[in-house]
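Working notes, structure below.
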Amino acid sequence: MPRRLLLAIALACSIPVAAEAQPRFMVAGGFTAPTGSLSDVADAGYHGQVGLFVSVPSVPLGLRGDGFFHRLGTPDALLDDVQVLGGTLSVVYDLPGISLVPYLLAGLGAYQLQSGPVGATVKSSDNGYHGGFGVNIGAGTGISAFAEIRYVKIGGDSDATLIPLTFGLKL
């Protein structure tokens, strides 16, 4: 009997939390710096990003899914620009704050890199991970802004890494 009572209490407590969950659509863009072996073939570039962030206001943890596109220039006119297309799933942990709310994020992603000679580019796909730090500005329920920096590692054995600096809006 105590198990049923505990289960009923746990279920009753979880219903309001699920009802409080607030999804926020995100649009962003910014500067991307290649590092590691990627910096040998690519220059700095830009990126665009869309995402969905789901959190419960009284809990400092949230989940975030992002899709993005990076375009990095090349120093060689015989090479096409390097493009990185991908998607990530992150856990976001809000640190204490009032109008500026700092946060940490970390997660996993799937990436597709496209690079090579003009007209003969090669696509390769790999998994990776990322971690970063950001700040929410005006973190209420209306439109708010955010800025973040991440370290992105693509592939297990490769040294392809990116450092994107992102500015965006949560709608």
Side-chain angles (χ1 to χ4, degrees), residues 21-55 61-95 100-139 142-171:
Q22 296 181 350
R24 308 274 310 266
F25 181 70
M26 302 168 60
V27 293
F31 171 79
T32 303
T35 60
S37 63
L38 197 53
S39 66
D40 295 338
V41 295
D43 293 331
Y46 63 90
H47 68 277
Q49 177 178 321
V50 295
L52 185 65
F53 177 68
V54 179
S55 69
L61 285 176
L63 287 177
R64 182 167 140 187
D66 292 309
F68 53 83
F69 173 79
H70 296 269
R71 178 176 228 116
L72 307 169
T74 57
D76 189 343
L78 300 175
L79 297 175
D80 271 338
D81 288 348
V82 175
Q83 298 179 33
V84 181
L85 181 66
T88 60
L89 183 60
S90 306
V91 173
V92 180
Y93 178 71
D94 288 334
L95 300 169
L100 293 176
V101 179
Y103 62 89
L104 301 171
L105 78 154
L108 302 172
Y111 306 90
Q112 181 184 67
L113 280 82
Q114 180 177 325
S115 63
V118 174
T121 57
V122 176
K123 292 181 181 180
S124 63
S125 298
D126 212 337
N127 296 321
Y129 59 88
H130 63 275
F133 173 82
V135 63
N136 289 310
I137 304 157
I143 295 175
S144 62
F146 69 96
E148 70 184 30
I149 189 165
R150 292 187 192 195
Y151 173 82
V152 179
K153 173 81 163 85
I154 301 171
D157 296 331
S158 76
D159 189 26
T161 54
L162 300 170
I163 299 179
L165 177 59
T166 305
F167 302 96
L169 297 174
K170 289 183 181 178
L171 310 171

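This structure is a prediction, so every number in the text was calculated from the model and none was measured.
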Check your understanding: Is there any ring pair (Phe, Tyr, Trp, His ring centres under 6.0 Å) pair reaching into residues 101-133, and which pairs are they, with sequence neighbours excluded?
Key -> Phe68-Tyr111

Check your understanding: Looking at CG of Asp40 and OG1 of Thr74, how far apart are the two atoms once the value is rounded to the nearest 0.5 Å?
Key -> 13.0 Å

Practice item. Over all heavy atoms of both residues, which pair between Asp43 and Pro75 is shortest? Give the atoms and the distance, please. Key: OD2-N, 3.5 Å

Review point. What are the two closest heavy atoms between Val41 and Val82, and how far apart are they?
Key: O-CG2, 4.3 Å

Check your understanding: Quick one: does Thr32's side chain have a donor or acceptor within less than 3.5 Å of a partner on Gly45's backbone?
Key -> no

Exercise for review: State, with a plain yes or no, whether a side-chain heavy atom of Leu78 is found less than 4.5 Å away from one of Pro117.
Suggested key: no

Point to revise | Partners meeting side chain to side chain donor-acceptor pair (under 3.5 Å) with Ser39 (sequence neighbours left out) | key: none

Study note, to complete from the structure: Closest non-hydrogen contact found for Pro34 with Ala44 is CD-CA, 3.7 Å

Review point. More than 12 non-hydrogen atoms from neighbouring residues, nucleotides or ligands closer than 6.0 Å to OH on Tyr93, yes or no?
Key: no

Revision key, fill the gap. Shortest non-hydrogen pair, Ile137 vs Ser144, comes out as O-CB, 3.4 Å

Exercise for review: Show your reasoning for whether side-chain contact (heavy atoms from CB on, under 4.5 Å) applies to Leu63 and Val91.
Suggested key: CA-CA 5 Å; Leu63 287 177; Val91 173; 4.0 Å; yes

Check your understanding: Leu108 versus Asn127: any side-chain heavy-atom pair under 4.5 Å?
Key -> no

Study note, to complete from the structure: Rounded to the nearest 0.5 Å, the CG atom of Leu162 sits from the CZ atom of Arg150 at a distance of 11.0 Å

Without placing hydrogens or testing angles, list every side-chain donor-acceptor pair under 3.5 Å for residues 163-170, not counting sequence neighbours.
unit_1	atom_1	unit_2	atom_2	d
Thr166	OG1	His47	NE2	2.8
Lys170	NZ	Asn136	OD1	2.9

Practice item. Sort and list the pairs that fulfil salt bridge (charged side-chain N to carboxylate O under 4.0 Å, His left out) and have at least one residue in residues 80-90, not counting sequence neighbours. Key: Arg71-Asp81

Check your understanding: Out of curiosity, Leu52 CG to Leu171 CG, how far, rounded to the nearest 0.5 Å?
Key -> 11.0 Å

Review point. Shortest non-hydrogen contact from Leu95 to Val101?
Key: O-CG1, 3.6 Å

Exercise for review: Without swapping roles, check the side chain of Ser90 against the backbone of Val92 for a donor-acceptor pair under 3.5 Å.
Suggested key: no

Check your understanding: Between Leu38 and Leu72, is any pair of side-chain heavy atoms under 4.5 Å apart?
Key -> yes

Review point. Under the side chain to side chain contact (heavy atoms under 4.5 Å, CB included) test, which residues partner Leu85, sequence neighbours left out?
Key: Phe69, Gln112

Review point. Going by the salt bridge (charged side-chain N to carboxylate O under 4.0 Å, His left out) test, which pairs reach into residues 25-34, not counting sequence neighbours?
Key: none

Practice item. Please report the closest heavy-atom contact between Ala28 and Phe146, naming both atoms and the distance. Key: CB-CZ, 3.7 Å

